**Student:** 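Dropping a structure here in structure tokens format, bear with me for questions.
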Amino acid sequence: MHYTLTTPEGQVIDSSAGGTPLTYLHGANNIVPGLEGKLTGHVVGDRIQAIVPPSEGYGERTGPGPQAVPRDRFPAGEELHAGMQILAQGPDGQPFPLWIAKVEQDNVYVDHNHPLAGVTLHFDVEVTGIRAATAEELAHGHPHD
């Protein structure tokens, strides 16, 4: 599918326009649930507009918000930027995602909320192709382009 994702105010967040269409495996949670649900039953050539509330997108914002972590806790020379996802290690040794909210000289502010948490997502979508998934794609849970 080709898509353009905008904020409620019309600011473009992401788009496949002018590039390669997004390929995903329907039913495998490869895209936000609210968009996937609105694509069910559509055929090649369909154009849809989907408004996805936070509860069906990246969730509501929770917790205390961005927390400062000393810059020296990150690998030296690693380029860090706002919106970047990193993996942290929990007390049980399991990795969990964090997103960088802001980078300063001495501190990096990380947040457990996805940058689009709490945002109503507006999608303009054109279905450009549909095919049956291979057995390997079904086993892996994602398309192999």
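Keep in mind that this is a model prediction, so the values were computed, not measured.
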**Student:** Is it true that I130 and L39 fall in one hydrophobic cluster, defined by side-chain heavy atoms closer than 4.5 Å?
**Tutor:**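 Yes, I130 connects to L39 through the hydrophobic network.
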
**Student:** Could you tell me whether E36 and K38 have a side-chain N and a carboxylate O separated by less than 4.0 Å?
**Tutor:**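 K38 and E36: not salt-bridged.
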
**Student:** Any link between V125 and V44 through a network of hydrophobic side chains (Ile, Leu, Val, Met, Phe, Trp, Tyr) touching at under 4.5 Å?
**Tutor:**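 Both belong to a single hydrophobic cluster.
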
**Student:** Should I13 and I51 be regarded as members of a common hydrophobic cluster, given that ILVMFWY residues are connected when their side-chain heavy atoms come within less than 4.5 Å of each other, either directly or indirectly?
**Tutor:**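 No, because I13 and I51 fall into different hydrophobic clusters, even though each may have its own neighbours under 4.5 Å.
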
**Student:** Regarding E9 and T7, do their side chains bring together a donor and an acceptor under 3.5 Å, going by distance alone?
**Tutor:**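 Result is yes, a qualifying pair exists.
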
**Student:** What is the minimum heavy-atom distance between G57 and P33, and which atoms define it?
**Tutor:**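 Result for this residue pair: O-CD, 4.2 Å.
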
**Student:** Decide whether D14 and Y3 meet the rule of one side-chain donor and one side-chain acceptor closer than 3.5 Å.
**Tutor:**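 Side chains of D14 and Y3: pair found under 3.5 Å.
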
**Student:** Between G141 and A28, which heavy-atom pair has the shortest distance, and what is it?
**Tutor:**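 Residues G141 and A28, closest heavy atoms: O-CB, 3.5 Å.
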
**Student:** Is it possible for you to say whether V127 and F123 belong to one hydrophobic cluster, with membership spreading through side-chain heavy-atom contacts below 4.5 Å?
**Tutor:**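 Linked, V127 and F123 end up in one cluster.
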
**Student:** So, S16 and H2: side-chain donor and acceptor under 3.5 Å apart, yes or no?
**Tutor:**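 Note: S16 and H2 side chains meet the donor-acceptor criterion.
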
**Student:** If the threshold is 4.0 Å, N to carboxylate O, is there a salt bridge linking R131 and E137?
**Tutor:**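 Here R131 pairs with E137 in a salt bridge, since their nearest N and O are under 4.0 Å apart.
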
**Student:** Set out, in order, the CA-CA distance, both residues' side-chain angles and the distance that settles side chain to side chain contact (heavy atoms under 4.5 Å, CB included) for V103 and Y109, then state yes or no.
**Tutor:** CA-CA 6 Å; V103 178; Y109 290 81; over 6 Å; no

**Student:** Working note: H112 + T62, criterion side chain to side chain contact (heavy atoms under 4.5 Å, CB included); need CA distance, chi angles, decisive distance, verdict.
**Tutor:** CA-CA 8 Å; H112 73 277; T62 61; 2.9 Å; yes

**Student:** Among residues at least two apart in sequence or on other chains, which ones pass side chain to side chain donor-acceptor pair (under 3.5 Å) with R47?
**Tutor:**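 For R47 the side chain to side chain donor-acceptor pair (under 3.5 Å) partners, ignoring immediate neighbours, are E126.
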
**Student:** If you look at every heavy atom in P54 and T120, which pair is closest and at what distance?
**Tutor:**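 Closest pair (atom of P54, atom of T120, distance): CD-OG1, 3.6 Å.
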
**Student:** Side chains of T40 and H26: donor-acceptor distance under 3.5 Å anywhere?
**Tutor:**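 Looking only at side-chain atoms, H26 and T40 do form a donor-acceptor pair, the distance falling under 3.5 Å.
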
**Student:** Between T4 and H122, does any side-chain donor sit less than 3.5 Å from a side-chain acceptor?
**Tutor:**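 Checked: T4/H122 side chains show no N/O donor-acceptor pair below 3.5 Å.
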
**Student:** For a side chain to side chain contact (heavy atoms under 4.5 Å, CB included) check, start with the C-alpha distance between H144 and E136, then their side-chain angles and the critical distance, and finish with the verdict.
**Tutor:** CA-CA 8 Å; H144 298 170; E136 185 177 31; 3.5 Å; yes

**Student:** If you group Ile, Leu, Val, Met, Phe, Trp and Tyr by side-chain heavy-atom gaps below 4.5 Å, do L121 and M1 land in one group?
**Tutor:**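 Yes, L121 and M1 fall within the same hydrophobic cluster.
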
